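Structure record follows, encoded as structure tokens.
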Amino acid sequence: MEGIATPVGEGLSQSAPAIQWYPGHIAKAERQLFTQLAKVDLVIEVRDARIPRATGHPRLQRWMKTKPRLLVINRRDMINEAARQAWDHWLRERGETPWWCDAKVGTGVKQLQEAAIRAGGQLNSRRAGRGMRPRPVRALMLGFPNVGKSALINRLVRQKVVESARRAGVTRTLRWVRLGQELDLLDAPGVLPPRLDDQRAALLLALCDDIGQAAYDGEAVAVAFLRLLDGLQVHPAAGISFSGALGRYGVPITRLEDTVVDGWGWLEAAAARHTSGDTARMAQRLLDDFRRSFLGPIALELPPDPA
């Protein structure tokens with residue numbers, strides 16, 4: 001996976017909490033994908049708007065080979081407009097056309113559907129040239145766990161046809177869903193790399209609940225989150241006010257002698273005020289509040305600075 005070339009959170013990689021996983025059902029899903037990829041015409045890759053690079057699978061290009069791909073950035077509602085525009089510009093400069101969606105309310109979903117049907121138009125042109133009848137475009141919906149693939153399918157179909165929840169690992173099997181007469185969607189389980197050497201990217205996945213909680217220590221991740229917020233607030237595109245994001249807790253941020261945020265000190269003080277001194281419960285509350293946008297729209301990644 002590509003690293004994050006922006007100075008946001010510089011040095012965090014070295015001190016980020018250890019995050020490891022061994023997703024057995026994901027390994028099985030990866031094997032199934034190889035057999036299904038031969039049957040699809042189009043890949044729809046879904047990423048999380050809060051971490052667009054960290055949710056890009058390093059093996060995807062090798063899997064797809066020459067198949068066309070649509071890049072969907074879901075959860076656009078969870079970042080501010082300045083960050084969205086910065087990412088949109090950065091991606092388009094590199095030849096990508098991002099489709100920004102909010103599966104929760106349906107923003108951008110109709111445009112995505114139309115793009116998928118257009119992308120498959122060449123398929124049926126070739127079939128017509130051979131005297132064959134047109135058929136629906138077969139599209140594989142692919143991405144990391146919990147980036148919103150199933151919610152996106154439900155929104156496209158306009159009914160709940162697949163299980164969807166904001167936690168990792170809900171989809172466990174491959175399932176075809178028909179969308180009218182023009183598009184068939186294959187909902188696949190979220191696929192993680194077998195290992196992730198970039199611990200900072202792993203931290204971002206943990207923060208966004210894109211990996212299971214068994215893979216990390218919640219208190220350590222919450223403390224790392226505070227440090228990450230501190231680094232982000234100096235970047236205008238992030239649109240973050242550190243004190244504003246944490247104002248709901250009524251606990252001031254203090255710093256250690258090297259000017260690093262005293263995350264553990266804040267966690268203990270917040271726990272004393274809100275969770276009867278239970279730091280693990282306070283850490284979970286902080287992470288849940290971020291994941292539900294109670295802290296406001298926060299982009300944890302920004303585009304790399306120009307070289």
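All of these numbers come straight from a predicted model, not from anything done at the bench.
Going from atom CG of D278 over to atom CD of E268 covers 12.0 Å, rounded to the nearest 0.5 Å. Expressed to the nearest 0.5 Å, how far CG of L183 lies from CG of L185 amounts to 4.5 Å. How far CH2 of W264 is from CG of L226: 10.5 Å, rounded to the nearest 0.5 Å. Rounding to the nearest 0.5 angstrom, the gap separating the CD atom in Q284 from the OG1 atom in T279 is 12.0 Å. In this structure, CD in Q113 is found 7.5 Å from CD in E182, a value given to the nearest 0.5 Å. For the atom pair CG (L229) and CD1 (I298), the distance works out to 5.0 Å, reported to the nearest 0.5 Å.
A pairwise comparison of heavy atoms in A103 and G148 identifies CB-O, 4.5 Å as the closest pair. Between Y216 and I211, the shortest heavy-atom contact is CE2-O, 4.0 Å. Nearest heavy atom pair, residue K67 against residue V40, reads NZ-O, 2.8 Å. A54 approaches L205 most closely through the heavy-atom pair O-CD2, 3.8 Å. Across all non-hydrogen atoms, the minimal contact from R47 to R53 is NH1-CA, 4.3 Å. When all heavy atoms of D187 and S150 are compared, the closest pair comes out as OD2-OG, 3.0 Å.
Salt-bridge check for D102 with R76: failed, with every basic side-chain N at 4.0 Å or more from each acidic carboxylate O. Between E301 and R200, none of the side-chain N atoms (NZ, or NE/NH1/NH2) sits under 4.0 Å from a carboxylate O, so this pair counts as no salt bridge.
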Next item on the list: Test side-chain contact (heavy atoms from CB on, under 4.5 Å) on N74 and V147 and set out the steps.
Entry: CA-CA 7 Å; N74 191 34; V147 294; 5.8 Å; no

Next item on the list: Would you check, one step at a time, whether the test side-chain contact (heavy atoms from CB on, under 4.5 Å) holds for V177 with L156?
Entry: CA-CA 10 Å; V177 177; L156 283 163; over 6 Å; no

Next item on the list: Take D230 and V260 through the test side-chain contact (heavy atoms from CB on, under 4.5 Å) and record every step on the way to the result.
Entry: CA-CA 9 Å; D230 186 40; V260 173; over 6 Å; no

Item checked: Full working for side-chain contact (heavy atoms from CB on, under 4.5 Å) between D88 and I73 -> CA-CA 10 Å; D88 193 81; I73 313 292; over 6 Å; no

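K149 places no side-chain N or O within donor-acceptor distance of the main-chain N or O of E45, the cut-off being under 3.5 Å. In this structure, D262 contributes its side chain and T254 its backbone to no donor-acceptor pair below 3.5 Å. When atom types are taken as modelled, the side chain of R273 and the backbone of G250 share a donor-acceptor pair closer than 3.5 angstrom. With hydrogens and angles disregarded, a donor-acceptor distance shorter than 3.5 Å links the side chain of H274 to the backbone of Y249. Looking at T55, its side chain does come within 3.5 Å of a backbone N or O of D48 through a donor-acceptor pair. Proximity of a side-chain donor or acceptor of R69 to a complementary backbone N or O of V43 within less than 3.5 Å is not detected. Under the 3.5 Å distance criterion, the side-chain polar atoms of N146 are matched with a main-chain donor or acceptor of D209.
The aromatic rings of F225 and F290 sit tilted, their planes meeting at an angle between 30° and 60°.
Side chains of L228 and L207 form a contact here, defined as non-hydrogen atoms less than 4.5 Å apart. For the pair T107/D77, no side-chain contact is recorded, criterion being any heavy-atom separation below 4.5 Å from C-beta on. Residues I117 and V137 fail the side-chain proximity criterion, which asks for heavy atoms closer than 4.5 Å. With a 4.5 Å cut-off on side-chain heavy atoms, R92 and P98 count as touching. The closest side-chain heavy-atom distance from I44 to W99 is not below 4.5 Å.
Of the residues listed (V72, I79, L71, L112), the one engaging W100 in a side-chain contact (heavy atoms from CB on, under 4.5 Å) is I79, and it is the only one.
Criterion: ILVMFWY side-chain heavy atoms under 4.5 Å apart, direct or through other members. Under it, L142 and W176 are part of a common hydrophobic cluster.
More than 12 heavy atoms of other residues, nucleotides or ligands lie within 6.0 Å of CZ in R94, so this atom counts as buried by the packing criterion.
In the model, H89 has no side-chain atom that pairs as donor or acceptor with a side-chain atom of Q85 under 3.5 Å.
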